[in-house]
Amino acid sequence: MPSTEIGRSGGFPDGFLWGCATSSYQIEGAAGVDGRGPSIWDAFCREPGRVSRGQNGDVACDSYRRWPEDVRLLSELGVGAYRFSVAWPRVQPDGRGGPNRAGLDYYSRLADALLERGIEPWVTLYHWDLPLALGEAGGWTARDTAYRFADYASIVYGALGDRVGHWTTLNEPWCSAFLGYEHGEHAPGLRDRNAALRAAHHLLLAHGLAVEAFRSGGHAGEIGLVINPATPRPATRRPADLEAARRASVERTGLWLDPVFGRGYPAPYLAARGAAMPALDGDMATIAAPVDFVGVNYYNEDAVAAAPASPASPDGYRLAPTSTEKTEMGWDVVPQGLRRVLGFIAGSWPVGALYVTENGAAYADTEESAGRVRDADRVAYYRGHLAACRDAISDGVPLRGYFAWSLLDNFEWAHGYDRRFGLVSVDPRTLERRPKDSYYFYRDAVAGYLE
Ligand code: FCB
């Protein structure tokens, strides 16, 4: 008898993991509750001019209290995994010493509730909310922060390791190092090129130490790193632009994956910056501790052109204008760029498994009619990018899963609540959650009905 289940995989392999992602500072709120210490983002938000309209994460989506509703939304979405991050300052309020039980209990309850609904918790250990006390002691420019991170990671493995099967150490260390210490756009808001490189090394060291601690602790499960790689396209076929595009991708790819896969730092990149990494003996072996997977966060693909080195283009290239449709972030919508970047990574490093750990879009105007939140742009964005994932898989890329960013409209860093990535809208005043059309589109995709 013909089955109505034909085509139920939506063109994705059996066992493909469907998930949804958030991060602690962006959704939790409850900033001073149950002993949570301040983070560098709490402090950064209070500096005038840093975050749009002086907004902050004090309340955010109030998920610290409303998590049962969020778990229900995830369950009705049908996802198999939820990627959330643990707020380090909830676990160690000043970044060192014994654990704050009340903070850990929150994540413990969340993990239990997810598992009860058949949703696997995917835990990110660091999604940018560094304890302020460590920030004041130098943040990621200080080598000690890497050791503090490994201690913190061990506490979290001990508390949740019996229920968490997938861990990621750092989320997008490029943003922590470069947006935080060179571009001044993220906490702590420095503009110091050398500080960014020191931060990059210590982030990688922190990653490696945390992987080593995971292995030596004998925890079951898999561990990896999440990066936001970029493979910009050259504005023209001129050799200078081709070379600029190649160089522009290194800071977002090879700078992280070369050392993680035991190849050391990309020497031409460091030479071009005229700087060395503060690596001590043994660091590179630690950083190369084997990972089980690499997570890729992808939103857009830029075009770059060669440019004379200047304060505006210190690395000898600049972003080139494009005619491409843009999201509310001003980011080009390039679904096939996701296929390209996945193919580039799979072809350049011996990654056993890849996951798209974030992908999604901010759009301003969701029309609401008859109680329905309509976001056709976001639906189109997901449709295109899921098709690109299918293409990547047929190219032979070992892509094992996909996480939509994000479950909820949330605190979008320097943009505050002015940029909304949610599958579910969150009313800024009442915090009421309402699924958008994209939520139902994604639910159907997860169920295998991606047309
Ligand atoms: C990524 C971040 C995530 C979110 C999206 C839009 O860089 O990891 O927290 O802000 O961008």
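All ligand and atom numbering here is 1-based and tracks the order in the structure.
Between the side chains of Y82 and T22, a donor-acceptor pair is found at a separation under 3.5 Å. In this structure, a donor-acceptor pair under 3.5 Å is present between the side chains of Y265 and H201.
For S323, the side-chain contact (heavy atoms from CB on, under 4.5 Å) test picks out no residue, with sequence neighbours left out.
For ligand 1, the protein residues within 4.0 angstrom (heavy atoms only) are Q26, H127, W128, N171, E172, N297, Y299, E358, W405, E412, W413, F421.
Using a 4.5 Å heavy-atom cutoff, the side chains of L431 and R65 are not in contact.
If you run side chain to side chain donor-acceptor pair (under 3.5 Å) between D395 and each of R340, R390, R339, only R339 comes through.
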Quick one: do Y439 and R443 satisfy side chain to side chain donor-acceptor pair (under 3.5 Å)? Show the steps, please. CA-CA 6 Å; Y439 174 93; R443 182 199 62 189; over 6 Å; no
